[in-house]
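Here the structure is laid out as structure tokens; the discussion comes afterwards.
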Amino acid sequence: MSLVDNNATALTVAKFGGTSVADFTAMSRSAAIVKQNPAARIVLISACSGVTNLLVELANGINDSARRQQLLTRLKEIHRNVISELKSPENVLTEVDSLLDSVSILAEQAATQPSIPLTDQLVSHGELLSTHLFSQILNEMGVNTIRFDIRNIMRTDSQFGKAIPQPEMIRQLAAAELQPLLENQVVVSQGFIGSDSKGNTTTLGRGGSDYSAALVAEATDASTLEIWTDVPGMYSTDPRITSAAKPIKEISFSEASEMANFGAKILHPSTLVPAIRQQIPVFIGSSKAPEQGGTWIRESVSEAPLFRALALRCNQTMVTLTSLNMFHAYGFLAEVFRILAEHKVSVDLITTSEVSVSLTLDQTDTGGGAPTLPEKAVKELNRLCRVEVEQGLCLVALIGNQMSSTKGSAKQIFGTLEDYNLRMICYGASPHNLCFLVKEQDAKSVVKTLHKKILE
Ligand code: ASP
Ligand code: MG
């Protein structure tokens, strides 16, 4: 593995996810990865595994004070367990305890009056806590480390819960506040959290640390972005679906973006946007087994196979709108989308026939359930057409290259799936992607069958 760059000016931004900083052992493994790479001078980390979930539960408002106490105790344990293994616990104990106290106060506030801004403030403590511990571990390993509050530079708008970052501001702030620190030390900071122009804490949405790291890499003109997680990179499909899934050593930005969007959970879907803007190669590897290597994502790759990978995303909601007025009419779809836009419904896939249009709804709910169409939107749509909503569906996405312009590729794909009922086939809009819906109970066997026929 040639992750170590000898070029003194090379800068790597390394991000470690929750499982890579879950406890003292995981943190030490991750710290060793940072130590062996002199270019890794900016490290962004997530909250310790499970912590954000606990904090979200507290932020939703728990009135039962015994239950609240239970969660607070669990939080304390997770962080105290790490502290108990430190050589110099006194360096972090006071600050960690004061952060835990602040969680407890905010959780009580949330119990009487929960709000999204309060949620962001509360959940940000997960990353603030983990960075205290991780920077101390790096210091104890002999790495000159400084902890940095990312909110000083991660400027976002004020859409709490899913704030939109402002890359130009982030670049300016990073030049002033972060660059000067990079001379001869490692900066340890937080993923996921940011700040609006008034100084309120915001978050980039669940799983947003990858995105944070990409934004920081972009703002500091980094030469590499490393995403360290608990699997050694991307696979031709989820290895839990079939053991025949193969690791992908190298993949293009376009293919990897399709994969991230269509359910490969390994990367937050927005992560590649800043990396592509700035042409920064991205490496994904497992902090548990760095020697296994991982996946490199870059602009151009040596191989562009027709079929690369299969992604699966369940909990799909399909909406079918039917109206005879659609026949040779104009403005029908415009009206449908006006109504959807008015109710902030984001559409994912779409297919049409003469008198009907089917679409799927984007997953916006962080809870992970199937998205729903707001009742008011249904009412308005009903004035225009018949509305049918179906759930219990999964989206299968096939990622590859030149699929829409390669003769016979459709036969190869669909010929193997004659036993299944495929819905809403979307093919041709992108050379890198073909997707369709199947019933939830068929989803895994569809992926297995297809994987066997075209990827093994
Ligand atoms: N800690 C946050 C979460 O669990 C952000 C992240 O890990 O990427 O969603
Ligand atoms: Mg993650």
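Indexing begins at 1, ligand by ligand and atom by atom, following the structure's order.
In this structure, Arg147 pairs ionically with Glu95, as a charged nitrogen and a carboxylate oxygen lie closer than 4.0 Å. Under the 4.0 Å criterion applied to side-chain N and carboxylate O atoms, Glu218 and Arg171 are not assigned as salt-bridge partners. Between Arg308 and Glu255 there is a salt bridge, since at least one side-chain N of the basic residue sits less than 4.0 Å from a carboxylate O of the acidic one.
An N or O contact shorter than 3.5 Å is missing between Asp210 and ligand 1 by distance.
Of the options Thr52, Ile45, Ile193, Val21, the smallest heavy-atom separation from atom 2 (C) of ligand 1 is shown by Thr52.
Ligand 1 is approached by Gly207 to a heavy-atom distance shorter than 4.0 Å. Proximity of Gly18 to ligand 1 is not established, as no heavy-atom distance is less than 4.0 Å. Using a 4.0 angstrom heavy-atom cutoff, His268 does not count as in contact with ligand 1.
Distances below 4.0 Å separate heavy atoms of Arg206 from the following atoms of ligand 1: 3 (C), 4 (O), 9 (O). Ligand-side atoms of ligand 1 in range of Ser209: 5 (C), 6 (C), 7 (O), 8 (O), range being under 4.0 angstrom from any heavy atom. Remark: ligand 1 atoms within the under-4.0 Å shell around heavy atoms of Ser46 are 6 (C), 7 (O), 8 (O).
The minimum heavy-atom distance between Leu100 and His79, with the atom names listed, is CD2-ND1, 4.4 Å.
Ser20 meets the side chain to side chain donor-acceptor pair (under 3.5 Å) test with Ser287; sequence neighbours excluded.
In this structure, the separation between CG on Leu312 and NZ on Lys448 is 12.5 Å, given to the nearest 0.5 Å.
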